[in-house]
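The structure appears right after this line, and notes come after that.
So that the names make sense, note that chain A is the first sequence line, chain B the second, and so on, each numbered from 1. No experiment lies behind these values; they were computed from the predicted model shown. Reckoned from all heavy atoms, side chains included, excluding hydrogens, waters and symmetry mates.
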Amino acid sequence: AQSVAQPEDQVNVAEGNPLTVKCTYSVSGNPYLFWYVQYPNRGLQFLLKYITGDNLVKGSYGFEAEFNKSQTSFHLKKPSALVSDSALYFCAVRDGGYSTLTFGKGTMLLVSP
Amino acid sequence: DAGVTQSPTHLIKTRGQQVTLRCSPKSGHDTVSWYQQALGQGPQFIFQYYEEEERQRGNFPDRFSGHQFPNYSSELNVNALLLGDSALYLCASSLSGSGTEAFFGQGTRLTVV
């Protein structure tokens, strides 16, 4: 069975500083990895994905993620945080067959002015 | 493109009642998945529909059932509602066989009293 772990319930960062939201995964085959963001009382918004290719993936709003196969990690990063980045972030893994996603429990990102 | 649309946005039901939630997928998508997101948790997979059939199912009781129509839209039905069914229900659409990401609707907030 596939699984995702987000070890931090909350990440606090000052505006302008770099941010990292951690994610590790477990899957039997080649992983399809995703990051989604959720604003209050809203659905999930796609940020970026890793399917194959370069280990550094660039996505929306200046976010990027680094795939590390040996550490089974897919950490989300941004060089300079904005207050508007404050939201709930979910890492998800998909099996190679059907498009069923398994999500982590989420990490709340709080960016202070 | 309207993206994934769900209705209604909010719903209040009484224990024991039945509820139907609706979802229209993003244009061009043929697969619909439903997720339950309890407060403070990540989304949990309920089931997935493709070609009007349930293709995969998560760990949810038979009280949860669904349907997909020829136009790819979908319904989620929950019978004999329990207080624990209170959650945000998310619909996601995708294109089968592709490596593309799933797109989510804004969700239906179900409250069971």
Side-chain angles (χ1 to χ4, degrees), chain A residues 1-10 21 23-25 27 29-53 57-60 63 65 67 74 87-108, chain B residues 2-10 21 23-26 29-51 53-60 87-111:
Chain A
Q2 57 197 32
S3 64
V4 172
Q6 293 182 244
E8 303 151 317
D9 290 336
Q10 184 168 307
V21 181
C23 171
T24 59
Y25 67 90
V27 66
N30 291 323
Y32 287 36
L33 295 158
F34 303 83
W35 276 100
Y36 285 86
V37 60
Q38 186 175 39
Y39 295 97
N41 299 313
R42 301 296 300 275
L44 302 180
Q45 183 175 342
F46 170 76
L47 280 179
L48 50 80
K49 65 182 177 184
Y50 172 83
I51 303 298
T52 186
V57 178
K58 294 188 182 298
S60 305
F63 283 94
F67 171 66
F74 189 56
L88 186 57
Y89 290 80
F90 289 99
C91 180
V93 66
R94 193 185 104 182
D95 63 39
Y98 305 135
S99 54
T100 299
L101 292 167
T102 297
F103 287 88
K105 63 178 174 59
T107 298
M108 178 63 71
Chain B
V4 180
T5 59
Q6 292 186 242
S7 63
T9 55
H10 295 84
L21 311 181
C23 172
S24 292
K26 180 179 171 63
H29 285 182
D30 57 7
T31 302
V32 173
S33 302
W34 287 92
Y35 293 82
Q36 180 195 66
Q37 185 180 13
L39 197 62
Q41 302 294 320
Q44 298 290 316
F45 172 70
I46 303 174
F47 43 54
Q48 181 184 86
Y49 277 84
Y50 172 69
E51 291 188 341
E53 291 190 356
E54 183 181 291
R55 182 160 69 175
Q56 199 167 0
R57 188 179 182 91
N59 188 26
F60 279 80
L88 181 67
Y89 288 85
L90 296 165
C91 171
S93 75
S94 57
L95 181 61
S96 181
S98 72
T100 58
E101 63 275 15
F103 285 79
F104 283 80
Q106 83 284 2
T108 294
R109 172 71 65 185
L110 173 64
T111 302

*Any idea which of B/Pro43, B/Ala92, B/Gly107, B/Gly42 has the most non-hydrogen atom pairs under 4.5 angstrom with chain A?*
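Result: the option with the highest number of such pairs is B/Pro43.
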*asked:* I'd like to know which of B/Gln6, B/Gln44, B/Gln106 tops the heavy-atom pair count under 4.5 Å against chain A.
replied: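 Option with the greatest count: B/Gln106.
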Please find the pair of heavy atoms, one from [X] and one from [Y], that lie closest to each other, and give the distance.
X        : Y       : value
A/Thr100 : B/Gln56 : OG1-OE1, 3.0 Å
B/Leu88  : A/Arg42 : CD2-O, 4.0 Å
A/Phe90  : B/Gln37 : CZ-NE2, 3.3 Å

*With a 4.5 angstrom heavy-atom cut-off, could you sort out which part of A/Ile51 is near chain B: side chain, backbone, both or neither?*
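Contact with chain B involves the side chain of A/Ile51 alone.
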*Side chain, backbone, both or neither: which part of A/Gln38 has a non-hydrogen atom closer than 4.5 Å to chain B?*
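Side chain of A/Gln38 only, per the 4.5 Å heavy-atom cut-off to chain B.
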_Checking the side chain of A/Tyr36 only, and the main-chain atoms of B/Phe104 only, is there a donor and an acceptor separated by less than 3.5 Å?_
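Side chain of A/Tyr36 to backbone of B/Phe104, a donor-acceptor pair under 3.5 Å: no, none is there.
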*A/Leu101 vs B/Tyr35, side-chain contact (heavy atoms from CB on, under 4.5 Å): CA-CA, chis, key distance, verdict*: CA-CA 9 Å; A/Leu101 292 167; B/Tyr35 293 82; 3.4 Å; yes
*Taking everything shown except B/Glu53 itself, do over 12 heavy atoms lie less than 6.0 Å from its CD?*
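Counting other residues, nucleotides and ligands, CD of B/Glu53 stays at 12 neighbours or fewer.
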